[in-house]
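Below is one structure, written out as structure tokens; comments come after it.
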Amino acid sequence: MITWSDNADARRPVMLTATGGIDRAAHHRLDEAWLGAAWSHPTTRCFVVSGGQVLIEDTEDGRAELVTMPTFDAPLTEAHRYFLGVDGDGVRYFALQKDSLPGRMDDAARPAGLREAGALLSERDAHLMVHAVALENWQRMHRFCSRCGERTAIAAAGHIRRCPACGAEHYPRTDPAVIMLVTDPEGRALLGRQVHWPKGRFSTLAGFVEPGESLEQAVAREAGEEAGVEIGRVEYVASQPWPFPSSLMLGFVAHATSTEIRVDGEEIEEARWFSREELREAFASGEVLPPSGISIAARLIELWYGEPLPLP
């Protein structure tokens, strides 16, 4: 039986889940006086988010830093100013939503999305970016009231939209999705390749939770729909925010009671059972490419595999 504590590699924190010492301080979001004072404080830092991207600067050690600025250098914005939290030193952080990222005189900074930057940033910077990107995605997609169609107004420092016409309050949307490593009685793992992925790219199965469905039911349904296998026991492992644009990935290990594979041909083009040795040889030969290290998929496979996956 696979458990999350089987090996030290699997116990490493899932990427994008650490707070990095940031307290979101949600109790301040409705306090306009406090927010105004926080914005004006000389130690407060802010950064611009646009189209899911921020500015980062590469560092000499091969990592990257989020480009932040004091608020007196911030570009003008109307209401699109989102309070993200406070760090252990009392520094407050805000994100500014703009139509484009600001230019940099020294050309040291470059735009990057979360898929690239998430693996390079510190835990603090990654947490700030995940929060900002998720809010920006929601704000751009939900500007009008779903009850009456009126344009809504931003409130709670970016975490609520209120309708001035009918009084409805709308909150950031998070869509639950299950992602699962399926194993069989022989200890093999089932990996699949989506139709739009490059040849050789394999990963775990995944899919969205449907209305009125439990997480365990979603795991069994998706495994059946995508690969044709039947699922028995399902064990929760960990979760990961995935704002592409608004998901929460819920990771599981699922134990198959059948092994015949019948791919759907729409989402999954190919699926295979791998023993650990078969997967190790496939990695070494280049026949199989591992999933991105930023995804919880890589951690689920590592849980079974017993060691870190090679870099994609």
Side-chain angles (χ1 to χ4, degrees), residues 1-18 61-64 112-123 126 130 177-184 186-207 219 222-223 226-227 229 234-242 244 247-256 261 263 267-312:
M1 174 179 171
I2 298 175
T3 63
W4 187 242
S5 58
D6 276 345
N7 61 76
D9 292 314
R11 293 198 301 272
R12 296 199 314 274
V14 175
M15 199 75 79
L16 307 182
T17 60
D61 61 358
R63 297 185 62 81
L114 191 56
R115 292 182 188 273
E116 176 192 2
L120 302 175
L121 297 173
S122 67
E123 290 182 352
V130 167
V178 292
I179 183 167
M180 54 280 189
L181 177 75
V182 179
T183 63
D184 74 354
E186 297 180 24
R188 298 180 300 175
L190 178 64
L191 302 180
R193 185 173 69 83
Q194 292 190 19
V195 295
H196 61 275
W197 285 355
K199 186 174 179 58
R201 176 78 67 201
F202 281 80
S203 188
T204 55
L205 305 181
V219 168
E222 287 289 347
E226 293 187 347
V229 299
V234 174
E235 300 173 74
Y236 174 74
V237 176
S239 64
Q240 181 186 43
W242 200 247
F244 300 109
S247 298
L248 175 66
M249 302 298 288
L250 301 153
F252 295 86
V253 170
H255 301 270
I261 295 174
V263 297
E267 291 186 63
I268 302 298
E269 187 172 55
E270 181 183 3
R272 294 166 55 185
W273 290 105
F274 291 91
S275 69
R276 292 173 179 82
E277 186 55 36
E278 287 171 340
L279 188 58
R280 186 172 290 108
E281 292 175 358
F283 283 150
S285 68
E287 178 187 0
V288 170
L289 305 175
S292 166
I294 193 176
S295 168
I296 191 174
R299 306 310 313 283
L300 291 172
I301 298 172
E302 285 180 352
L303 168 63
W304 164 82
Y305 191 59
E307 60 186 79
L309 302 183
L311 295 175

Which atom names give the shortest non-hydrogen contact between [X] and [Y], and what distance separates them?
X	Y	value
Gly251	Tyr236	O-CD1, 3.6 Å
Ile294	Leu114	CD1-O, 3.3 Å
Val14	Ala238	CG2-CB, 4.0 Å
Ser239	Leu250	CB-CD2, 3.9 Å
Leu121	Ala126	CB-N, 3.9 Å
Ile268	Gln194	CD1-CG, 4.0 Å

Would you say the side-chain atoms of [X] pair up with the backbone N or O of [Y], donor to acceptor, closer than 3.5 Å?
X	Y	result
Gln240	Leu16	no
Arg201	Pro290	yes
Ser295	Ser292	no

Please check if any side-chain donor atom of Glu235 sits under 3.5 Å from a side-chain acceptor atom of His255, or the reverse.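 Note: Glu235 and His255 side chains meet the donor-acceptor criterion.
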
Working to the nearest 0.5 angstrom, can you tell me the gap between [X] [atom1] and [Y] [atom2]?
X	Y	atom1	atom2	result
Ile179	Arg299	CD1	CZ	12.5 Å
Leu190	Phe202	CG	CZ	10.0 Å
Glu302	Glu307	CD	CD	9.0 Å
Leu181	Ile296	CG	CD1	11.0 Å
Trp304	Thr204	CH2	OG1	12.5 Å

Can you tell me which residue among Glu267, Glu287, Glu269, Glu226 is in a salt bridge (charged side-chain N to carboxylate O under 4.0 Å, His left out) with Arg193?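 Passing option: Glu269.
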
Side chain to side chain contact (heavy atoms under 4.5 Å, CB included) partners for Pro291, two or more places apart: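 Result, side chain to side chain contact (heavy atoms under 4.5 Å, CB included) vs Pro291: Ser203, Ala297, Ala298, Ile301, Leu309.
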
Has Arg276 got its NZ or CZ under 6.0 Å from the middle of the six-membered ring of Tyr305, at an angle within 45 degrees of the ring axis?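 Judged by the rule, Arg276 and Tyr305 form no cation-pi pair.
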
Basic-acidic side-chain contact under 4.0 Å: Glu278, Arg188: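 Looking at Glu278 and Arg188, the cut-off is not met.
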
side-chain contact (heavy atoms from CB on, under 4.5 Å) between Phe252 and Leu205, worked out: CA-CA 10 Å; Phe252 295 86; Leu205 305 181; over 6 Å; no

